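Keep in mind it's a predicted model, so treat the numbers as computed, not measured.
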Amino acid sequence: MTESVDTLYEQGLERYKAGESPESLIPVFQDICDRAPKMFSAWTSLAWLYLLADKPKSALKAAQKSTRLEPNDPQGRINLALAMLSTEQTGVRPHIEIAEKMMSLDSEIQAEIVYNLKEASERRPDWNAVKKVRNWLSV
């Protein structure tokens, strides 16, 4: 019996939360994206994993797909901004402003973004793009 993409996605998130490495989870989330190409949350997660694995070009493609599918997802915008900074792209500020606006409207979203950025700083302490984004967002 094949598992639904939603089940696979939830299992992948649990594995991530349990501390599994981004490198080992990238194929899992890539498979989910292949099976459900319009599932923005899977693309957002894949972009995040690529960012943590220091693969900014792959992260940029996944983040662009994520934000095309769901333009108002703040984590997708943060991922896109991080990927753009990491690949020395211009035009980052509008993505930060959209995320900032969404964070100001919902304290749960804000808490999730703050948590993710702090975790990113712990996983990759020398990641300058995260330092910039945290500074811009004052988190």
Side-chain angles (χ1 to χ4, degrees):
M1 184 169 132
T2 58
E3 296 174 278
S4 74
V5 289
D6 291 331
T7 301
L8 292 172
Y9 181 77
E10 291 302 320
Q11 289 172 346
L13 285 180
E14 289 305 313
R15 289 168 59 184
Y16 174 80
K17 290 175 186 175
E20 193 166 328
S21 75
E23 292 83 357
S24 67
L25 290 170
I26 287 171
V28 172
F29 282 87
Q30 183 62 63
D31 180 53
I32 295 167
C33 291
D34 291 344
R35 291 181 187 201
K38 294 188 185 237
M39 186 177 182
F40 86 90
S41 57
W43 287 104
T44 302
S45 297
L46 182 62
W48 184 249
L49 293 170
Y50 277 133
L51 287 165
L52 291 175
D54 199 14
K55 297 181 179 184
K57 289 180 183 175
S58 297
L60 181 62
K61 290 178 184 176
Q64 288 170 330
K65 178 77 173 186
S66 168
T67 56
R68 271 194 303 272
L69 292 169
E70 181 49 69
N72 295 318
D73 177 48
Q75 186 63 54
R77 292 294 178 155
I78 296 290
N79 292 352
L80 184 54
L82 289 169
M84 291 174 74
L85 286 169
S86 297
T87 57
E88 300 180 1
Q89 305 279 322
T90 59
V92 173
R93 192 71 193 157
H95 301 292
I96 296 296
E97 289 171 354
I98 290 170
E100 207 168 30
K101 182 178 180 182
M102 298 304 294
M103 290 170 65
S104 72
L105 297 173
D106 189 327
S107 62
E108 285 182 35
I109 288 173
Q110 182 178 9
E112 182 180 332
I113 297 292
V114 168
Y115 176 83
N116 289 341
L117 290 172
K118 285 182 180 179
E119 179 190 22
S121 294
E122 291 168 8
R123 286 182 181 244
R124 290 185 54 198
D126 60 336
W127 193 3
N128 289 328
V130 166
K131 291 175 186 176
K132 284 182 183 181
V133 169
R134 288 183 71 185
N135 186 45
W136 288 335
L137 295 174
S138 302
V139 296

Problem set entry | Closest non-hydrogen atom pair, P125 against K131 | O-CE, 3.2 Å

Problem set entry | Student check: side-chain heavy atoms of W136 and V92 closer than 4.5 Å | yes

Exercise. In Å and rounded to the nearest 0.5 Å, what is the CZ to CD distance from R15 to E10?
Worked result: 13.5 Å

For this session: Calculate, to the nearest 0.5 Å, the distance between atoms CD1 and CD belonging to I78 and E112 respectively.
Result: 11.0 Å

For this session: Test the R68-W43 pair against the cation-pi criterion, namely NZ or CZ under 6.0 angstrom from the six-membered ring centroid and within 45° of the ring axis.
Result: no

Problem set entry | Gap between atom NZ of K38 and atom CD of E70 - 0.5 Å precision | 13.5 Å

For this session: Kindly work out whether a path of hydrophobic side-chain contacts (I/L/V/M/F/W/Y, heavy atoms less than 4.5 Å apart) joins I26 to W127.
Result: yes

Seminar exercise, completed: Note: A129 and S86 closest approach over all heavy atoms is CB-OG, 3.8 Å

Exercise. Relative to each other, are the rings of Y9 and F29 parallel, tilted or perpendicular (30° and 60° limits)?
Worked result: perpendicular

Problem set entry | Linked, directly or transitively: L25 and M39 (ILVMFWY side chains, under 4.5 Å) | yes

Exercise. Is there a path of hydrophobic side-chain contacts, each under 4.5 Å between heavy atoms of I, L, V, M, F, W or Y residues, that connects Y115 with I109?
Worked result: no

Seminar exercise, completed: Shortest non-hydrogen pair, G76 vs A63, comes out as O-CB, 4.5 Å

Problem set entry | Backbone N/O of L51 and side chain of R124: donor-acceptor pair under 3.5 Å | yes

For this session: Drop me the distance from E23's CD to D54's CG, to the nearest 0.5 angstrom.
Result: 9.5 Å

Exercise. Hey, what do you get for CG (L80) to CD (Q64), rounding to the nearest 0.5 Å?
Worked result: 6.0 Å

For this session: Any chance you could lay out the salt bridge (Lys or Arg N to Asp or Glu O under 4.0 Å) test for R77 and D73, step after step, and finish with the verdict?
Result: CA-CA 6 Å; R77 292 294 178 155; D73 177 48; over 6 Å; no

For this session: Starting from the C-alpha separation in whole Å, work towards a yes-or-no answer on side-chain contact (heavy atoms from CB on, under 4.5 Å) for I113 and V139.
Result: CA-CA 9 Å; I113 297 292; V139 296; 5.8 Å; no

For this session: Take Y16 and L52, measure what side-chain contact (heavy atoms from CB on, under 4.5 Å) needs, and give me the verdict at the end.
Result: CA-CA 12 Å; Y16 174 80; L52 291 175; 3.4 Å; yes

For this session: Decide whether Y50 and L69 are clustered together by the hydrophobic rule: side chain heavy atoms of Ile, Leu, Val, Met, Phe, Trp, Tyr closer than 4.5 Å, transitively.
Result: yes

Exercise. Any link between F40 and I32 through a network of hydrophobic side chains (Ile, Leu, Val, Met, Phe, Trp, Tyr) touching at under 4.5 Å?
Worked result: yes

Seminar exercise, completed: In terms of heavy-atom contacts, L49 and P22 come closest through O-CB, 3.7 Å

Problem set entry | Salt-bridge contact K101-E97 (side-chain N to carboxylate O under 4.0 Å) | no

Problem set entry | Criterion side-chain contact (heavy atoms from CB on, under 4.5 Å) on N79 and S66, from CA distance to verdict | CA-CA 9 Å; N79 292 352; S66 168; 6.0 Å; no

Exercise. Can you list the steps and then say if K118 with R134 is a side-chain contact (heavy atoms from CB on, under 4.5 Å)?
Worked result: CA-CA 8 Å; K118 285 182 180 179; R134 288 183 71 185; 3.3 Å; yes

Seminar exercise, completed: Of all heavy-atom pairs linking L46 and C33, the shortest is CD2-SG, 3.9 Å

For this session: List the steps and the verdict of side-chain hydrogen bond (donor to acceptor under 3.5 Å, both in side chains) for S41 and T44.
Result: CA-CA 5 Å; S41 57; T44 302; over 6 Å; no

Problem set entry | Short side-chain to backbone donor-acceptor contact, S24 and S21, under 3.5 Å | yes

For this session: Provide the closest heavy-atom pair for H95 versus A81 in the form atom of the first, atom of the second, distance.
Result: CB-CB, 4.4 Å

Problem set entry | Ion pair R123/E119, N-O distance below 4.0 Å | yes

For this session: Would you give the length of the straight line joining atom CD of Q110 to atom CG of D106, rounded to the nearest 0.5 angstrom?
Result: 9.0 Å

